[in-house]
Asker: 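Submitted below is the structure of interest, expressed as structure tokens.
Sequential numbering from 1 along the given sequence is applied to the chain's residues.
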Amino acid sequence: MKFILVRSFLCEENCAEWISAEGRITSDTPAQLRKVLKKIGGRKLPVVFRSEGGDVDAAYAMGRMIRKAGLETAVGGTLLRGCPVEDTRCEAAIAKDGPSVGDTYSAGGYCFSACPLALAGGTSRVSSQWAAIGVHQITTIYNKVRVSYRIEYKIVNGKKKEISRKEVGRKSAGQSSSTKLGKRASTALTAYLKEMGVSQDVIGLMMSATPDNINIVSSAEALRTGLITDMLSYNEWPGMPLCAPDAAAEAVCHGHPVGEAPVAAATPLSTAPPQKSAMVTSETLPKTGPMDFLLMYHGNCQEECTQWISADGDITPETPARLEALLKTLGERKLPVVLQSNGGDMDAAFAMGRMIRAAGLETSIGRTQLPNCPKLDPRCKASIAKSGPTEGEVFAGGGYCLSTCTLVLMSGTPRMIGYSTIGLVRPTTAEYTKFFAYFDEMGASAETFETMMLATSIERKTILRSQALDLGIINGIIPYGDEPGDRLCGPDAKESLRCPRKIEGAIVPAAAASN
């Protein structure tokens, strides 16, 4: 493994910097990392890993160094400016003094074998759906050595007593290896994972793959076990630092805190004519109103199409009745419900969630876009079909489900999220009993949620996908290539089509077999 200090070429000043760590982890890698950390002093630069793994003890040492220094970690590769794709960190582009100039990427990035152990050292650790994390069994190598000694004795009272021993020769007698996790190795691994705040379930993931194979850990599993603490969205890249809670919207960091949904402020008639006020509102703020439901389709339903229920708007006391009416028209058809809402009436959200759970429907978050509709009115009435399903598209990016909307989301079987924003409301004292009873009914962790919310005075907050998984609010991540609701084919689809569609497993580089 070689470490390179890199500065982003996408800016002129105050450029983001990171430590690019690529290659095989060997016994001398920790010493090299120590030199880099000494060089950067107290600067908190993220470490971006792309590695097939290597020495486990060295990975432990690296993880502890990273944690002690308070650094973040990510999975991804680095492309230095001026280097060809086949040699992304070419020698000619490495600066002799100061940082090199380049960019990072997720697609094709990987962290295998012992690399995830070093990755676990990050105070925050991220990956994306385009990168791969993989683990397998630890192989312990035993070196056999034959040692020869010259020993001198003397006889004392008829008994032989050793008076000196000197090594006179040492010869290798071969090697042996074992994939059994012995007591010493098991103790070391267990202690390290606990120290880094990673679930012991990782041991099971490791033991499920032999050293000549690799177990690719899904995004949801990586989040659940703590191998990563969050996923990067489509417009975030490895090496970005984690945003502070008060980070400005223009700050270059991942995990931007999301503010409350915008509310149109009334313009005083004394300062602006009515038509100007209306014009400013329509061009700067998205339209919102009581939640309505649209039966949607995307694609050619004679060949292949996906269908879903788009649920968009504020939850009001009348919303459950509207949902019930739609579900009656569907009969036994189980279409996914794609939510986008700032929340609203809590009792109505409870009723909607129970309806969705009883019907056995899937839920997810996403924004629906109808053709020929403006960006700020993506479901304009002019494009809604008068009868039957409406044509459109659905996207995870930019979607949101906040406050009581999340209570509806957690009712799905399954309940999925992609690159969307999810938020929770803090119940009042009077609402506590029924609020947490609903959590238990839906199989979410009321106790964990209560602990998390009591630790903050914020009445409404967004949460990370990892937190949503821990709480049981969601139980899956929408895979790369899919979108919310992208699960079911239309009624007239060909029998040869696979429903739901799934991505083929990524090809793992041959180097992944190395331990």
Side-chain angles (χ1 to χ4, degrees), residues 1 18 20-25 46-54 56 59 62-63 72-79 85-86 88-89 103-122 124-138 193 196 198-199 201-234 236-240 254 416-419 465-466 469 476-482 502-515:
M1 179 171 282
W18 64 93
S20 172
E22 298 193 14
R24 185 172 178 79
I25 299 171
V47 183
V48 180
F49 282 104
R50 184 172 182 265
S51 171
E52 66 271 26
V56 171
M62 293 168 64
E72 301 170 20
T73 55
V75 180
T78 295
L79 173 61
V85 175
E86 62 273 13
T88 56
R89 303 198 318 166
D103 194 13
T104 60
Y105 57 90
S106 283
Y110 55 87
C111 183
F112 293 145
S113 187
C115 176
L117 298 175
L119 179 78
S124 77
R125 33 203 186 272
V126 295
S127 184
S128 80
Q129 293 174 329
W130 295 275
I133 297 175
V135 296
H136 61 183
Q137 293 172 346
I138 294 175
L193 294 176
M196 296 301 153
V198 177
S199 170
D201 291 348
V202 169
I203 298 176
L205 297 175
M206 295 171 69
M207 298 306 292
S208 65
T210 58
D212 56 346
N213 288 291
I214 201 79
N215 183 2
I216 300 297
V217 183
S218 68
S219 300
E221 194 73 354
L223 283 166
R224 185 187 68 79
T225 57
L227 278 176
I228 60 175
T229 56
D230 197 19
M231 291 177 60
L232 297 173
S233 64
Y234 68 95
E236 296 171 343
W237 37 269
M240 268 188 169
H254 73 84
M416 314 280 283
I417 186 173
Y419 294 132
R465 285 178 283 268
S466 56
L469 278 167
I477 301 294
I478 297 173
Y480 169 60
D482 282 2
K502 296 182 178 179
I503 302 173
E504 298 296 329
I507 298 175
V508 178
S514 302
N515 188 38

Asker: Heavy atoms, side chains only, cut-off 4.5 Å: are Val202 and Val217 in contact?
Answerer: no
Asker: Between Ser51 and Ile25, does a side chain to side chain contact (heavy atoms under 4.5 Å, CB included) hold up when you go through it step by step?
Answerer: CA-CA 8 Å; Ser51 171; Ile25 299 171; 4.0 Å; yes
Asker: Please report the C-alpha distance between Ile133 and Ile216 in whole Å, then the side-chain angles of each, then the deciding distance to 0.1 Å, and finally whether the side chain to side chain contact (heavy atoms under 4.5 Å, CB included) criterion is met.
Answerer: CA-CA 6 Å; Ile133 297 175; Ile216 300 297; over 6 Å; no
Asker: Test side chain to side chain contact (heavy atoms under 4.5 Å, CB included) on Gln137 and Met207; report intermediate values, then the result.
Answerer: CA-CA 5 Å; Gln137 293 172 346; Met207 298 306 292; 4.2 Å; yes
Asker: Considering non-hydrogen atoms only, spot the tightest contact between Gly134 and Pro116 and give its length.
Answerer: O-CG, 3.5 Å
Asker: Atom CG in Asp103, atom OG1 in Thr78: separation rounded to 0.5 Å?
Answerer: 8.5 Å
Asker: Run the side chain to side chain contact (heavy atoms under 4.5 Å, CB included) test on His136 and Ser113 for me, step by step, so that the C-alpha distance in whole Å, both residues' side-chain angles and the decisive distance to 0.1 Å come before the verdict.
Answerer: CA-CA 6 Å; His136 61 183; Ser113 187; 2.8 Å; yes
Asker: Where do Met1 and Ala21 come nearest, in terms of heavy atoms and distance?
Answerer: SD-CB, 3.8 Å
Asker: Taking only residues two or more places apart in sequence, or in another chain, which ones meet Thr210 in a side chain to side chain donor-acceptor pair (under 3.5 Å)?
Answerer: Asp212, Asn213
Asker: Got a sec, which residues hit side chain to side chain donor-acceptor pair (under 3.5 Å) with Ser124, two or more places apart in sequence or on another chain?
Answerer: Glu72
Asker: Taking all non-hydrogen atoms of both residues into account, name the closest pair between Ala118 and Phe49 and its distance.
Answerer: CB-CZ, 3.9 Å
Asker: With sequence neighbours excluded, tell me which residues meet side chain to side chain contact (heavy atoms under 4.5 Å, CB included) with Leu79.
Answerer: Cys83, Thr88, Tyr105
Asker: Which value, rounded to the nearest 0.5 Å, describes the distance between Arg50 atom CZ and Thr104 atom OG1?
Answerer: 12.5 Å
Asker: Mind checking what makes side chain to side chain donor-acceptor pair (under 3.5 Å) contact with Glu236, not counting sequence neighbours?
Answerer: Ser233
Asker: With Arg224, which residues qualify under salt bridge (Lys or Arg N to Asp or Glu O under 4.0 Å), at least two apart?
Answerer: Asp201, Glu221
Asker: Output yes when a side-chain donor or acceptor of Asn215 lies under 3.5 Å from a complementary backbone atom of Leu205, and no otherwise.
Answerer: yes
Asker: Can you tell me how far the CD atom of Glu22 sits from the SG atom of Cys111, to the nearest 0.5 Å?
Answerer: 11.5 Å
Asker: Kindly indicate whether the side chain of Val47, heavy atoms from C-beta on, has any atom under 4.5 Å from the side chain of Thr73.
Answerer: yes
Asker: Counting N and O atoms only, with roles assigned by atom type, does the side chain of Arg125 sit under 3.5 Å from a partner on the main chain of Gly226, one being a donor and the other an acceptor?
Answerer: yes
Asker: Please list, chain by chain and in numerical order, all residues satisfying side chain to side chain contact (heavy atoms under 4.5 Å, CB included) with Ser128, sequence neighbours excluded.
Answerer: Ser106, Trp130, Ala131, Leu232, Tyr419
Asker: Taking atom CE of Met206 and atom CD1 of Ile138, what is their separation to the nearest 0.5 Å?
Answerer: 3.5 Å
Asker: From Arg24 CZ over to Cys115 SG, what is the distance, rounded to the nearest 0.5 angstrom?
Answerer: 12.0 Å
Asker: Under the side chain to side chain donor-acceptor pair (under 3.5 Å) rule, collect the residues that match up with Asp230, sequence neighbours excluded.
Answerer: none
Asker: Could you report the tightest heavy-atom contact between Val48 and Gly76, atom names first, then the distance?
Answerer: CG1-O, 3.3 Å
Asker: Where do Ala220 and Gly476 come nearest, in terms of heavy atoms and distance?
Answerer: CB-CA, 4.5 Å
Asker: Please give me the minimum heavy-atom distance between Leu193 and Ser199, naming the atom from each residue.
Answerer: CD1-O, 4.0 Å
